[in-house]
Amino acid sequence: MGRRGDNDLLEAEPLLDDSHLTTVRDPLPAAYIAVCRRDWYSHPYYCLYKVEDSSSSSSSPSPSPTKQVLHRFSHLPTDVARKTVVSLRSRWIVSVGGNPGDTVLFDTETRRVITGPKLLSAKLSPVAAAVEDRIYVLSSRPQYLEDPDFEPWFEVLDLSRATVVATADGRHTLDGCSWEALPDPICFPCMLSPAGYLAPPLILVTSYVLFLSYLLVSVNNMGKMATYAFDTGTHRWHKLYDYGLPFFGSATPLVGHNTGIFLGRCWESGPINAYRIRLVSSAPHLKLSVTEFPVKTEAREEVGVGEEALCLASMEDEGSFSCITFRLDDREHHMSYDKDIHEFYPRKMYLNLTTYKIVEGEETGMDIVVRCKRDKALRIFSSHGFSSPPIAFALSI
């Protein structure tokens, strides 16, 4: 079959073809939590943990949290800094970005780590979205002189014909695909005058969401906000209006409850709210409307407040979502001492995976009321300690 470098190629198979699997696909949804060790500079990989939801679909909350010690499911050997993670086809975890712009896929069925092609331009904490068999990546803070975040600012990776190549040394790489440049957002200045390079504009993507086939992006351009839509079918940009989306960062779809309902933060570290998104096409223009609904418990408490809270899509039936909170155990008997830097560090982290069920929806025009359906108390031990923040990403598949 040929050679690549000094490693004999053993086999090649289509990436998106699962007919070769010898095991029955696990029907249970699961949350995947990636944890960073405090020594990740010398050991650049995520420790990946899996939390399955094998409980019944009863809507009654558990009388007490179920305690569970998590053991490492697998690991992702990649530079863990400034990457964005998305899921593809409810099977692959795709990590992309950082410097030098690696692409790494993790197959949750086979636990294989697959190295993909590098981005044309390295991107730190980019906007990323998966649409069918394509991964779209956009610079969140474009630069005008050099990498990272230099042009091209917007790229796509089509995996529909990609193959996984296994080599004699046990590695797996992608073949038959590469990143391709896409049209820049119309708010990104593609060409600057000589004077412009002396004080280039400061542009920051503040929020984004994938709605149907459109990637909606809010941009702060030198203090002026605007929202744009990228049509993944025609690869055209459209300006929607001169203000931003009402949430911070990315929004998570509330699967199955009502088309167009998403969960997001109203500001950084703020509570989780719900947003109903509607996009109407009236050629040649698009009209966007976003309605915000506070999410409250039956006790009128906010959900997911704080930097340590992470919102996940539904792990169970429709109208449910999950929230992860964590804290490090800083009690003296759970601390270790680093003699090189003369610091103590915690070896234990507590997590709570709380599943909420919507009991009163946005049809009332008021708050969305949720009930705690299940609360899982989890623990992770690491003799090496944890980075800050300790959780690199969490997503449900």
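From a predicted model like this one, the values you see are computed outputs, not experimental measurements.
- Nearest heavy-atom pair, Ile272 versus Gly304, reported as atom, atom and distance to 0.1 Å: CD1-CA, 4.0 Å.
- Side-chain N/O atoms of Thr108 and Arg91 include no donor and acceptor closer than 3.5 Å.
- Looking at heavy atoms from C-beta onward, Ile397 lies in side-chain contact with Tyr32 at the 4.5 angstrom threshold.
- When each of Phe262, Phe211, Phe247 is paired with Tyr275, the ring pair (Phe, Tyr, Trp, His ring centres under 6.0 Å) condition holds for Phe247 and for no other.
- Thr354 and Asn352 are not linked by any side-chain donor-acceptor pair at a separation below 3.5 angstrom, with hydrogens and angles left out of the test.
- Using a 4.5 Å cut-off on side-chain heavy atoms (C-beta onward), Cys177 and Leu157 make contact.
- Heavy-atom minimum distance, Gly98 versus Lys83: N-CG, 4.2 Å.
- Aromatic ring centres of Trp237 and Phe154 lie closer together than 6.0 Å.
- Within the structure, the salt bridge (Lys or Arg N to Asp or Glu O under 4.0 Å) test picks out the following pairs touching residues 118-144 (sequence neighbours left out): Arg89-Asp133, Asp102-Lys118, Lys123-Glu155, Glu132-Arg134.
- Here CG of Leu351 is found 5.0 Å from CD1 of Ile380. Values are rounded to the nearest 0.5 Å.
- For the residue pair Asp175 / Thr163, no side-chain donor-acceptor distance below 3.5 Å is found, with atom types taken as modelled.
- Counting only heavy atoms from C-beta outward, the side chains of Ser87 and Ile93 never approach each other to under 4.5 Å.
- Comment: Asp330 does not engage Arg327 in a salt bridge, judged by the lack of any side-chain N to carboxylate O separation of less than 4.0 angstrom.
- The two residues Thr173 and Ile114 make their nearest non-hydrogen contact at C-CG2, 3.9 Å.
- Asn220 and Thr206 share no donor-acceptor pair across their side chains, judged by distance under 3.5 Å alone.
- Checked against a 6.0 Å centroid threshold, the rings of His71 and Tyr49 do not count as neighbours.
- Shown here for Leu245 and Ser207, the closest heavy-atom pair between the two residues is CB-OG, 3.5 Å.
- Put simply, the side chain of Phe321 does not reach to within 4.5 Å of the side chain of Ser396, judged on heavy atoms.
- More than 12 heavy atoms of other residues, nucleotides or ligands sit less than 6.0 Å from atom CZ of Arg72.
- The pair Arg300-Asp367 meets the salt-bridge criterion, since a charged nitrogen lies less than 4.0 angstrom from a carboxylate oxygen.
- In this structure, Tyr46 has its ring center under 6.0 Å from that of Phe393.
- Using a 4.5 Å heavy-atom cutoff, the side chains of Asn99 and Arg82 are not in contact.
- Summarising the hydrophobic clusters (Ile, Leu, Val, Met, Phe, Trp, Tyr; side-chain heavy atoms under 4.5 Å, direct or chained), the residues clustered with Phe344 are Met335, Tyr337.
- Residues Ala274 and Ile261 share a closest heavy-atom pair of CB-CG2, 4.4 Å.
- A heavy-atom distance below 4.5 Å is not found between the side chains of Val164 and Asp107.
- Looking at every heavy atom in both residues, Pro126 comes nearest to Tyr208 through O-OH, 4.5 Å.
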